[in-house]
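Contents: one structure, followed by commentary.
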Amino acid sequence: MIPRPIEHYIRWFFAISYATFFTAISPAGEPPTIGPAETQTIEEPEISKYDRDHWSFMPITAPPIPQVDDFSWAKTSIDRFVLASLESEGIRPADAANRSTLVRRLYWDLIGLPPTAEQARQFVQDDSPNAYDRLVDELLASPHHAQHAALAWLDLARFAETDGFEHDKIRPSAWRYRDWVIRALGNDLPYDTFIQWQIAGDELEPDNEEAQLATAFCVSGPDMPDINLIDERRHVLLNEMTSTVGSVVMALQFGCAQCHDHKYDAISQADFYRLRAFFDRSLNLKQNKSVTTLTSIQNDRPSRLMNRGDFRSPGPVVHAAYPRLLNANSDSPIDGAGQRAALAKWLTSSDHPLTARVIVNRVWQQHFGRGLVTTPSDFGVMSDEPSHPELLDHLASELIANDWSLKWLHRTIVRSQVYQLCSRPPADAANSDGVSHWQHALENDPENRLLARYPRRRLTGEAIRDGMLLVSDSLESTMGGPGFKPPLPAELLKTLLKGQWKITEDPAEHQRRSVYLFARRNLRYPFFATFDRPSADQPCACRNESTTAVQSLTLFNSQTSLDVSERLADRVLSVGPSRPEQINELFWRLFARSPAEKERTMAIDFLRSQTVLIESQDIDYQKRHASRLAMVDLCRGLLNSNAFVYVD
């Protein structure tokens, strides 16, 4: 699970050396002879009507909200779009989830933490008609929402606090970008502004420190400040920056056109370098120094297409211009100052076909585990077709109409009836209709693309760690600042260079939320790596969700689990000597519900037998604390259960 430094050279190798290899085997052993770059003509395929005739390139329109047979079931416009698709296939949606399931789902989904026992009880017992909507608003207003939502964007931004590669040197101010993202999401900065600042904040609002800081998005990826050739470094950074903006904002794989025309989408190599030209005068590189934000600099060198992607083989001059595929007037170059500002405004214009669709799909994925389009960073011709294309356009047009408010989008999605469905078949055998409808939906839509039920999902490693800290009353709420470094296993520390992981002195810092844990590019924190945290070398649009034996062993045997289980056991035991009351408190903390009678009986039997077993050990401390140690073992077992690690 430990990344090796060689992995971080691979991307540079393919970015730089692909062309060098073919140049080296040319008959003359030299790059091809070319004429003056200013006079060369760029030959590229024309963009046809057929190329533009793809669902994601069509203008965003507000489709009519469909009529449905079961009108009373639909609470929101989202429900009517989904129900219309279900009814067309003869499928009925599942029953609504119970209140214990809903409160747990909402907390984990909106703030990345479980409800406390008191919060869960309060919601379950509140039968007022606006209780659900009121809770949604409270959670979206919580600072925890921004901390949780930021993780998805930081995955896309390739965020880490080090450079990567062999030395993986620390970027002392990188954490400021992470804090900016959290502030922006917490303040519900309109998404169009959110994007504009990250691409051209320094040009759009030169006196705004926050806008300048936001441009760190473009340079958050890996870098090699100690490389000898500044031109090589600049070339790779510009290519990576261009590819990231293309895939994250527009969900188009521009990076595939660095060395040659895109194999599938109508994106030529010249299109790539014209997009790159917007950033050509944005990097002030100094050897052995990380670049932290974009800065407009004087650069008289013209932007060029690099033959075969080789920085040593400059080709024709190119001028900054919007991709031809998305702009019929792409023959008009964007010259002069403020080129990035022009790009940022074009990307977030209300008639851009991709930007709003892409972010709606990403937010939908956050709530349902996968997007309406299951290829969230590829809306090109090889992308998956949307499961509900009219719904995607409806939400995209409504997002724009609601001032690009992401909190509006989150609120709209989680208030829908579709979001509040069960994720399991009816448990009541007497509910024969419910069981029949469930089975019919399972047979006719096994992948649940039509959303007849809520998709059960596993928590991320960050959420599991944060949740374990919260249920044991251990979570430290301090926000912002440099990332903290908790202890690491000794065998892991040996793989690092000296001084690369200096443990944060204040133990309280070790209990902060996972978003603030120091993000070293060459070393994912072991607990997170076990639960599929991605590498920060490139944008991650959708995390893997594996199930391995190592995950179970980590949850049961890691030092984090042992410490949390002890603290949780002490909290549970503090409610009084009654075993049923202790079990009740434990279940409300972990699962937001009371235990079933069978669960209560099994837990009490386990505590009794485990206490006897511990007392039989010839260790004086264990004999004196057998009852507490048995509760610690029960806590460890339940924290390792699917009921805790998965959200229904």
Side-chain angles (χ1 to χ4, degrees), residues 54-66 68 74-89 91 93-94 105 109-110 149 152-153 155-156 191 247-253 352-402 404-421 423 441 444-457 539-543 545:
H54 179 63
W55 67 266
S56 70
F57 306 147
M58 297 292 104
I60 296 174
T61 58
I65 299 175
V68 293
K75 291 182 177 181
T76 68
S77 56
I78 289 177
D79 299 324
R80 288 173 61 177
F81 282 101
V82 172
L83 185 58
S85 295
L86 290 171
E87 289 180 345
S88 69
E89 298 295 328
I91 298 174
R105 183 184 298 173
D109 205 18
L110 290 182
W153 187 259
D155 279 357
L156 292 167
Y191 183 71
S247 66
V248 172
V249 182
M250 293 185 281
L252 289 178
Q253 294 297 311
H352 196 288
L354 288 171
T355 305
R357 282 186 176 121
V358 170
I359 190 56
V360 163
N361 193 60
R362 294 195 193 282
V363 172
W364 187 275
Q365 176 183 290
Q366 292 175 35
H367 294 297
F368 288 92
R370 67 179 180 185
L372 297 169
V373 181
T374 59
T375 50
S377 283
D378 187 358
F379 277 27
V381 296
M382 297 300 289
S383 69
D384 185 23
E385 292 285 328
S387 59
H388 299 77
E390 293 84 6
L391 174 56
L392 180 61
D393 273 18
H394 168 73
L395 289 175
S397 60
E398 287 294 300
L399 174 66
I400 296 171
N402 283 273
W404 295 84
S405 168
L406 293 183
K407 286 192 177 182
W408 171 86
L409 183 57
H410 286 291
R411 182 182 296 107
T412 299
I413 292 174
V414 301
R415 288 183 61 197
S416 69
Q417 183 78 345
V418 175
Y419 179 83
Q420 299 175 51
L421 296 177
S423 64
N444 289 274
D445 184 24
E447 295 184 358
N448 196 32
R449 282 181 58 84
L450 299 181
L451 299 170
R453 58 191 179 275
Y454 184 79
R456 196 164 182 249
R457 294 181 291 135
C540 175
C542 186
R543 292 191 180 191
E545 191 174 293

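Note that the structure is a prediction, hence the values are computed from the model and not measured.
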Got a second to check how far [X]'s [atom1] is from [Y]'s [atom2], nearest 0.5 Å?
X: S416; Y: R80; atom1: OG; atom2: CZ; result: 14.0 Å
X: R543; Y: Q365; atom1: CZ; atom2: CD; result: 11.0 Å
X: S383; Y: H54; atom1: OG; atom2: NE2; result: 4.0 Å
X: I65; Y: I78; atom1: CD1; atom2: CD1; result: 10.5 Å
X: L395; Y: L372; atom1: CG; atom2: CG; result: 7.5 Å

Looking only at heavy atoms, what is the nearest atom pair of [X] and [Y], with distance?
X: L421; Y: P93; answer: CD1-CB, 4.1 Å
X: N448; Y: R453; answer: ND2-O, 2.8 Å
X: L399; Y: S405; answer: CD1-O, 3.4 Å
X: R357; Y: P59; answer: NH2-O, 3.4 Å
X: H394; Y: S77; answer: NE2-OG, 2.9 Å
X: Q366; Y: H410; answer: OE1-CE1, 3.5 Å

Is any side-chain heavy atom of [Y] closer than 4.5 Å to one of [X]?
X: V358; Y: M250; value: no
X: E398; Y: T412; value: no
X: I359; Y: L406; value: yes
X: F379; Y: W55; value: yes
X: T76; Y: Q417; value: no
X: E390; Y: P66; value: no

Tell me, please, which residues at least two apart from [X] pass ring pair (Phe, Tyr, Trp, His ring centres under 6.0 Å).
X: W408; answer: none
X: H352; answer: W346
X: Y454; answer: F368, Y419

Take Y191 and T355, measure what side chain to side chain contact (heavy atoms under 4.5 Å, CB included) needs, and give me the verdict at the end. CA-CA 10 Å; Y191 183 71; T355 305; 3.9 Å; yes
Option among L450, I91, V68, D445 that satisfies the side-chain contact (heavy atoms from CB on, under 4.5 Å) test with S85: L450
Between the side chains of D384 and R370, is the shortest nitrogen-to-carboxylate-oxygen separation below 4.0 Å, so that they form an ion pair? no
Walk me through it: do L409 and N402 pass the test side chain to side chain contact (heavy atoms under 4.5 Å, CB included)? CA-CA 9 Å; L409 183 57; N402 283 273; over 6 Å; no
Under the 3.5 angstrom rule, does the side chain of R457 hit a backbone N or O of H367 as a donor-acceptor pair? yes
Taking side chain to side chain contact (heavy atoms under 4.5 Å, CB included) as the test, write out the residues that go with Q253, two or more places apart. S247, C256, H262, S377, D378
By side chain to side chain contact (heavy atoms under 4.5 Å, CB included) - contacts of P389 (at least two apart): P386
Side chain to side chain donor-acceptor pair (under 3.5 Å) partners of W153, counting only residues at least two apart: Y177, Q198
Full working for side chain to side chain contact (heavy atoms under 4.5 Å, CB included) between L451 and F81: CA-CA 11 Å; L451 299 170; F81 282 101; over 6 Å; no
Start with the C-alpha gap between M58 and D393, add the side-chain angles, then the distance that decides, and say whether side chain to side chain contact (heavy atoms under 4.5 Å, CB included) holds. CA-CA 10 Å; M58 297 292 104; D393 273 18; over 6 Å; no
